[in-house]
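Taking it in order: structure first as structure tokens, then the write-up.
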Amino acid sequence: MYKLLPLAITAVPVLGVGASGWDDAYTKAQTALQKLSQNEKAGIVSGVTWEGGPCVGNTYAASSINYPSLCLQDSPLGIRFANPVTAFPAGINVGATWDRDLLYARGAAMGAEAKGLGVHVQLGPVSGPLGKNPDGGRNWEGFSVDPYLSGVGMEETIRGMQDSGVQACAKHWLGNEQEVHRDTISSNMGDRETHELYAWPFMNAVRANVASVMCSYNKVNGTWGCESDGILNELLKNELGFRGYIVSDWNAQHTGVHSALAGLDMTMPGSDFNTPRGSIFWGSNLVEAVSNGSVPQSRLDDMVTRVLAAWYLVDQDQGYPEVAFSSWNGGKASVNVTADHASIARTVARDSIVLLKNDDQTLPLKRPGSLAIIGQDAIVNPNGANACNDRGCNTGTLAMGWGSGTAEFPYLVGPLDAIQKQAAQDGTTIITSTTDDSTAAAEAARKAETAIVFINSDAGEGYITVEGNPGDRNNLDPWHNGNALVQAVAAANKNVIVVVHSVGPVILETILAQPSVKAIIWAGIPGQESGNALNDILFGSTSPSAKLPYTIAKQRMMISPREFFVDYRHFDKNGLSPRYEFGYGLSYTNFTYSALTVNVFATSGPTTGSIVPGGPVELFESVGTVKAQIENAGLVAGAEVAQLYIGLPDSAPSSPPRQLRGFEKVNLQPGKSELVTFELSRRDLSYWDSTMQKWVVPAGTFRVYVGASSRDIRQQGTFTV
Ligand SMILES: OC[C@H]1O[C@@H](O[C@H]2[C@H](O)[C@@H](O)[C@H](O[C@H]3[C@H](O)[C@@H](O)[C@H](O)O[C@@H]3CO)O[C@@H]2CO)[C@H](O)[C@@H](O)[C@@H]1O
């Protein structure tokens with residue numbers, strides 16, 4: 001039933017229509033193209049080799065059109081290899097906020113820092129990996145394992161970044177779901193899961209007019225990601241109407257001619273990582289490939305036009321700043337671009353903290369007489385927050401994963417530092433045990449009213465191995481004997497709070513089996529404001545509002561997704577009970593749901609219209625609304641993320657029981673209520689029909705679920721198409 005993507009080169013890229021920004025940018029690019037020499041054209045699409053310029057990627061300048069050497073720089077959470085910059089919470093944290101405004105604000109702040117430093121292309125955001133494997137090393141760089149939530153994350157972040165003037169780069173296209181063997185494996189995907197899961201968030205990215213997309217190291221259905229006509233020309237450019245350029249991941253290009261024909265538009269870093277540099281596929285070789293007829297002139301012109309159009313799209317021809325740092329000498333920037341972004345970093349970190357368990361209203365803390373703070377994860381690495389290159393170690397509190405998706409911390413507020421400040425105000429005695437030694441931990445815990453244990457679990461990119469974890473995690477257990485640490489503390493103290501800093505799901509069964517564990521918090525990898533944000537929740541200045549962007553299972557084995565039943569789709573389809581389901585999160589108040597109304601006017605059938613950035617034009621048309629009344633029925637102010645799930649009718653074969661298709665976050669004072677409206681687009685009601693090669697709205701009765709999580713459904717309804 002599933003159709004594999006074609007391997008042969010068959011498609012001719014078409015330009016999307018409908019984005020006037022692109023139309024203007026293309027007009028300027030086509031004019032500029034006429035003035036370029038063949039060498040300049042090849043230079044615009046070729047990197048100058050690894051470490052050949054100040055940024056992780058640099059192209060050649062073209063003096064005839066006053067075009068600069070483009071600076072491409074990581075990362076999805078801040079500007080890599082530069083300082084000072086803001087080290088924002090990771091993608092997985094901002095995903096956990098389910099807050100469009102925060103997604104946009106973080107993107108805009110990152111974009112402003114990039115522009116201030118002269119970075120033309122910021123290498124993020126990420127929706128590949130999506131997170132099919134819960135132990136995938138780079139899942140934390142993206143927003144969520146759910147394509148809808150991930151898609152909103154992509155769209156808002158890209159809008160924020162590009163509104164600030166930097167070109168965003170959506171990565172890694174496509175199926176980059178693991179680090180181990182990432183540059184040799186083939187991600188074999190059926191056509192339907194390709195569309196409904198992995199390509200979905202990139203549709204949002206293209207819809208947000210993303211300037212560039214990075215193709216990935218892995219093969220897709222047997223063909224290298226950066227050499228595949230099927231996923232580059234056919235899917236991304238033709239079907240999704242992508243008008244920007246495709247840049248290779250660093251050293252992910254394997255051939256000169258074939259990659260050009262398959263749709264690659266820029267090669268990075270222009271060489272492999274060896275010294276002296278080998279594997280230079282483009283540059284002067286591309287000029288030769290055109291002159292001997294292996295690559296059509298029109299293809300080279302198309303590459304250049306796309307790259308120039310992206311530059312014009314975000315007005316980088318209008319006095320863009322010079323690059324103000326070098327990646328290779330400590331990154332000291334000649335300008336300070338951090339502005340007031342620490343407050344955005346703190347708000348995101350705070351609003352991404354998920355309260356998983358809170359028995360006996362243990363939280364918020366109410367001026368305790370004494371507190372034991374336990375675990376190495378409570379303090380900043382004694383050697384410094386940036387002691388390890390690309391954060392490639394797990395010493396001290398975990399606030400970032402490792403790899404290219406990192407930035408240098410300008411400072412890192414550790415949990416203990418922040419709690420001590422609050423304790424001084426409250427008259428609370430602090431007792432510490434800041435190693436992971438269980439005996440010392442129990443001794444400290446015995447002396448306090450309440451004990452807070454800090455545990456963590458790290459992951460990162462595969463070119464670094466940390467404590468035996470080769471990028472991907474070896475398991476979903478806490479590191480550093482975290483379970484034993486909690487057990488020891490729970491045996492010594494009847495009032496235990498566990499704080500988890502982790503890149504993704506951690507199995508909590510051992511911890512939950514301790515009756516003394518009264519509360520559990522997931523704080524993710526919160527960036528530079530870690531301790532301050534945690535204080536806001538621990539001591540109750542803010543009620544937690546975050547919801548899990550993935551499922552926490554009872555055991556690792558239970559998550560073995562097949563095809564497109566990843567995460568909650570797998571649990572729902574197979575009638576399995578998760579420990580904490582997708583979308584779950586407690587608050588210090590409680591919310592009631594009422595008055596569901598459904599008003600949908602879609603017609604069944606396939607899309608037929610033209611392609612706009614993102615896909616067929618009708619996919620993004622409104623087809624109705626779902627509304628529900630949310631009331632804060634508790635005693636304190638708080639925010640609720642109301643979630644809309646849709647179940648397709650049986651005429652859509654083998655579909656998940658329900659899928660996220662909307663969410664709205666509302667801030668409510670006690671006793672107040674608000675009517676939330678979920679706007680539905682045609683895409684929200686469609687599935688990908690592999691035979692027809694179309695998005696199709698199936699005929700029949702759709703199920704509507706509105707609730708506080710994927711399992712906590714408060715209102716249900718139906719509509720028929
Ligand atoms: O940074 C741009 C994109 O690069 C990919 O990651 C590369 C990373 O940036 C780079 O630092 C690392 O280099 C190491 C290299 O692989 C290794 O052979 C050499 O010995 O040491 C280098 C580190 O000092 O290579 C990474 C690729 O393997 C990312 O996938 C992508 O997301 C980035 O945007």
Side-chain angles (χ1 to χ4, degrees), residues 47-59 70-82 90-91 110 114 119-130 136-142 161 166-185 187 210-218 224-226 246-254 266-279 325-331 386 388-393 400-408 459-466 470-472:
V48 302
T49 77
W50 180 242
E51 297 192 23
C55 303
V56 298
N58 310 271
T59 57
L70 220 57
C71 164
L72 296 88
Q73 191 73 2
D74 299 297
S75 74
L77 58 67
I79 312 305
R80 186 185 183 200
F81 292 150
M110 288 196 304
V119 171
H120 297 92
V121 187
Q122 188 174 353
L123 302 170
V126 170
S127 57
L130 182 67
R138 300 184 74 177
N139 295 354
W140 55 273
E141 294 187 41
M161 288 168 72
V166 73
Q167 298 180 41
C169 179
K171 65 184 189 183
H172 306 84
W173 175 265
L174 190 69
N176 191 161
E177 293 294 320
Q178 65 187 62
E179 286 303 290
V180 173
H181 306 310
R182 73 173 176 185
D183 46 9
T184 52
I185 55 130
S187 296
V210 71
S212 61
V213 170
M214 187 187 294
C215 53
S216 57
Y217 287 113
N218 54 285
W224 296 112
C226 292
I246 300 172
V247 56
S248 71
D249 201 341
W250 270 229
N251 201 25
Q253 187 188 25
H254 292 262
M266 181 186 283
T267 176
M268 278 293 151
S271 67
D272 59 25
F273 291 106
N274 299 321
T275 308
R277 307 295 178 213
S279 304
F325 68 102
S326 170
S327 301
W328 320 117
N329 67 2
N386 299 314
C388 302
N389 286 343
D390 291 341
R391 314 293 76 77
C393 59
M400 216 183 268
W402 75 77
S404 65
T406 54
E408 304 293 304
E461 195 172 346
Y463 66 90
I464 302 174
T465 293
V466 176
D472 299 334

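Counting begins at 1 with the first residue of the sequence. This structure is a prediction, so every number in the text was calculated from the model and none was measured. Numbering of ligands and ligand atoms starts at 1, following listing order.
- In this view, Glu461 and Arg138, Arg182 satisfy the salt bridge (charged side-chain N to carboxylate O under 4.0 Å, His left out) rule, not counting sequence neighbours.
- Although no hydrogens or angles enter the test, the distance criterion places no donor-acceptor pair under 3.5 Å between the side chain of Ser248 and the main chain of Cys215.
- Taking the six-membered ring where the residue is Trp, the centroids of Trp50 and Trp328 are separated by under 6.0 Å.
- Exactly one residue among Val121, Ile246, Leu72, Leu123 makes a side-chain contact (heavy atoms from CB on, under 4.5 Å) with Ser212. That residue is Val121.
- Sorted by chain then number, the residues whose non-hydrogen atoms approach ligand 1 to under 4.0 Å are Trp50, Val56, Asp74, Arg80, Leu123, Arg138, Lys171, His172, Arg182, Met214, Tyr217, Asp249, Trp250, Phe273, Ser404, Glu461, Tyr463.
- Across Gly52 and Asn58, no two heavy atoms sit closer than the pair C-ND2, 4.4 Å.
- With ring centers used as reference points, Trp250 lies 6.0 Å or more from Tyr217.
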